[in-house]
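Here is the structure we will look at.
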Amino acid sequence: MNRIPRIVILGAGYGGVVTAIRLQKQLNYNEADVTLVNKHDYHYITTHLHMPAAGTDKPENARVDILRLIDEFKVDFVKSTVVQIKPHDRKVILEDSTLSYDYLVIGLGGEPETFGIPGLKDNALSIRSINSVRHIREHIEYQFAKFKQEPHRKDYLTFVVGGAGFTGIEFVGELADRMPKLCKEFDVDPSIVQIINVEAAPTALPGFDSELVEYAVNVLKEKGVTFKIATAIKECRQDSVLLATGEEIKTGTIVWTGGIRGNRLLEEAGFETSRGRVIVDEYLRTKEYDNVYVLGDCSIVLNEEGKPYPPTAQISIQQAETCSHNLVATIRNTPLKSFKFHNKGVVASLGRGEAIGVVGKYKIKGFTAAKMKRLVDIRYLFIIGGIPLVLRKGRL
Ligand code: FAD
Ligand code: NAD
């Protein structure tokens with residue numbers, strides 16, 4: 001290849017944006033043309049989205065303009081939506097143009113997994129993007145306004161959250177914190193409000209440390225959350241949720257946090273996928289094309305036991321570091337690096353001043369864990385934007 005190789009990165013989430021930032025640091029002038037494509041001109045900090053969804057923080061605090069993160073002399077940014085990936089032709093079709101590439105990085109994230117539950121797609125909301133959380137926040141306020149018009153409709157103030165994984169737990173924590181303010185604003189008796197978290201597995205946060213799960217559930221119950229554990233959602237109707245037990249909960253709000261799958265564009269492109277996610281090789285490439293890397297929620301990396309690591313921001317960032325190394329190594333004809341996940345721990349918020357976590361061999365909870373969560377958030381801001389971004393967004 002005598003001309004300058006073209007690298008196209010799809011998606012400016014954790015995987016995509018960190019790859020672009022690393023490449024702009026590592027590549028020399030004229031070593032490669034790098035293009036980053038994203039639907040919006042901002043990167044959103046998904047790990048923060050449960051807050052604006054509940055209305056305990058502003059959506060602006062969960063987004064950063066992409067042009068503040070990349071150096072336009074080194075990386076071209078294209079604001080557009082990817083509609084098709086054609087790996088055989090080395091082309092990507094955007095809504096308004098076509099891009100050719102020599103190397104492709106796919107970091108298009110995930111989509112809510114609905115498991116074919118009837119009515120879920122049409123009747124439930126999900127925490128996925130700035131636009132989706134704006135919708136949830138406005139919807140919640142609207143339920144209060146509607147209740148004031150029809151005070152016999154207590155179902156307007158029943159909020160059902162499907163799934164008590166980390167997203168569900170973090171969201172109900174914020175929602176419970178928001179309720180006293182909304183009740184005051186709309187002159188509503190707080191005892192009318194119900195927040196119900198429904199979980200199919202025998203415990204909330206399945207697979208997580210049982211002592212911390214118990215702590216989390218108690219903190220959230222104390223804040224007013226009701227749990228229905230070992231109870232699957234079977235159907236979502238316009239004004240109710242049907243549970244596997246046969247119970248029907250009348251509600252005006254269903255927020256689905258029951259899991260994610262990979263972006264559909266990957267299976268449509270012909271890659272072999274499992275729930276929309278591509279099992280990548282040790283260098284993070286697809287098995288069909290060694291010039292296509294897949295990162296983050298649309299990839300699967302298997303652990304030593306052959307099980308997929310959970311899709312997290314943490315693994316996406318680490319994949320981006322390996323991916324950028326391997327792209328530079330390929331261009332320079334030097335050895336590639338195998339990806340190895342280093343689990344730095346998990347910390348989950350339970351609302352204001354409360355969290356749980358496992359960091360190394362330590363279990364943490366309460367205020368200490370909440371402080372740790374802030375540190376994790378600040379570290380990420382530092383990785384993508386250095387001290388200026390920490391000072392602007394980190395509220396130090
Ligand atoms: P994403 O961050 O989802 O980014 C995908 C990007 O692709 C987006 O910018 C999107 O706009 C863009 N895009 C999508 N489709 C198109 C298209 N067709 N054309 C153009 N652009 C497109 N993980 C942790 O490790 N720690 C946490 O504390 C944590 N907290 C979380 C809290 C919440 C509420 C949620 C929902 C998730 C949380 N996660 C956490 C998981 C983590 O956010 C995801 O694993 C991570 O965002 C995945 O990164 P990604 O780069 O794969 O995709
Ligand atoms: P998840 O898949 O981890 O959890 C979904 C939950 O929904 C599961 O507990 C599942 O049993 C339940 N569920 C599925 N079908 C159901 C049904 N029909 N009825 C009721 N419950 C049902 O999804 P998530 O919580 O969105 O998390 C996605 C990824 O993001 C995970 O890897 C998670 O670790 C990560 N994440 C991390 C954090 C953090 O570290 N603080 C926060 C949020 C998300």
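These numbers were taken from a predicted model, which means no experiment stands behind them. Both counts, for ligands and for their atoms, begin at 1 and track the order of listing.
Closest to atom 20 (C) of ligand 1 among all protein heavy atoms lies K39 N, 3.3 Å. If you check which protein heavy atom lies closest to atom 3 (O) of ligand 2, you get G165 CA, 4.5 Å. Summary of contacts: the protein heavy atom closest to atom 19 (N) of ligand 1 is V82 N, 2.8 Å. For atom 9 (O) of ligand 1, the closest heavy atom belonging to the protein is N38 OD1, 2.9 Å. Counting protein heavy atoms only, atom 53 (O) of ligand 1 is closest to G109 CA, 3.3 Å. From the protein, the heavy atom lying nearest to atom 20 (C) of ligand 2 is A200 N, 3.3 Å. Counting protein heavy atoms only, atom 13 (N) of ligand 1 is closest to L108 CD2, 4.0 Å. Nearest protein neighbour of atom 34 (C) of ligand 1, counting heavy atoms only, is T46 O, 3.7 Å.
The distance from ligand 2 to the heavy atoms of V198 drops below 4.0 Å at these ligand atoms: 20 (C), 21 (N). For ligand 2, the atoms lying closer than 4.0 Å to a non-hydrogen atom of T167 are 24 (P), 25 (O), 26 (O), 27 (O), 43 (C), 44 (C). Listed by atom number, the atoms of ligand 2 under 4.0 Å from T257 heavy atoms are 5 (C), 6 (C), 7 (O). Remark: ligand 2 atoms within the under-4.0 Å shell around heavy atoms of A232 are 19 (N).
Close N/O approach between T231 and ligand 2 is not found [any backbone or side-chain N/O within under 3.5 Å]. Between V347 and ligand 2, at least one N/O pair is under 3.5 Å apart. In terms of polar-atom proximity, I117 is not counted as a contact of ligand 2, lacking any N or O under 3.5 Å from an N or O of the ligand. Residue-to-ligand polar distances place E170 within reach of ligand 2: an N/O pair is separated by less than 3.5 Å.
The heavy atom nearest to atom 29 (C) of ligand 1, considering only T47, V83, I317, T19, is found in T47. Considering only non-hydrogen atoms, atom 23 (N) of ligand 1 lies nearest to A313 out of A313, G165, P52. Here the shortest heavy-atom distance to atom 32 (O) of ligand 2, taken over G168, S349, P311, belongs to P311. The nearest non-hydrogen atom to atom 7 (O) of ligand 2, considering only A355, G207, G258, comes from G258. Closest heavy-atom approach to atom 1 (P) of ligand 1 within the set G16, G345, A12, G13: this belongs to G13.
Contacts between V376 and ligand 1, counted as non-hydrogen atom pairs separated by less than 4.0 Å, are absent for every part of the residue. Contacts of S80 with ligand 1, taken as heavy-atom pairs under 4.0 Å, involve the backbone alone. For H43, no heavy-atom contact with ligand 1 is shorter than 4.0 Å.
The existence of a salt bridge linking R128 and E111 is excluded, since no basic side-chain nitrogen approaches an acidic carboxylate oxygen closer than 4.0 Å. For the pair E214 and K365, the salt-bridge criterion is not met [side-chain N within less than 4.0 Å of a carboxylate O]. Between K223 and E354, no side-chain nitrogen of the basic residue sits less than 4.0 Å from a carboxylate oxygen of the acidic one, so the salt-bridge criterion is not met. Taking the charged nitrogens against the carboxylate oxygens, R3 and D102 do have a contact shorter than 4.0 Å, which makes a salt bridge. A salt bridge links K340 with E304: at least one charged nitrogen is closer than 4.0 Å to a carboxylate oxygen.
Ring pair F144/F186 is tilted by interplanar angle, where 30° to 60° counts as tilted.
At most 12 non-hydrogen atoms from other residues, nucleotides or ligands lie less than 6.0 angstrom from CD1 of I387. By the 6.0 Å contact criterion, NZ on K287 is open, its count of non-hydrogen atoms from other residues, nucleotides or ligands being 12 or less.
For the pair S349 and ligand 1, no heavy-atom separation below 4.0 Å is found. A heavy-atom separation below 4.0 Å is found between Y44 and ligand 1.
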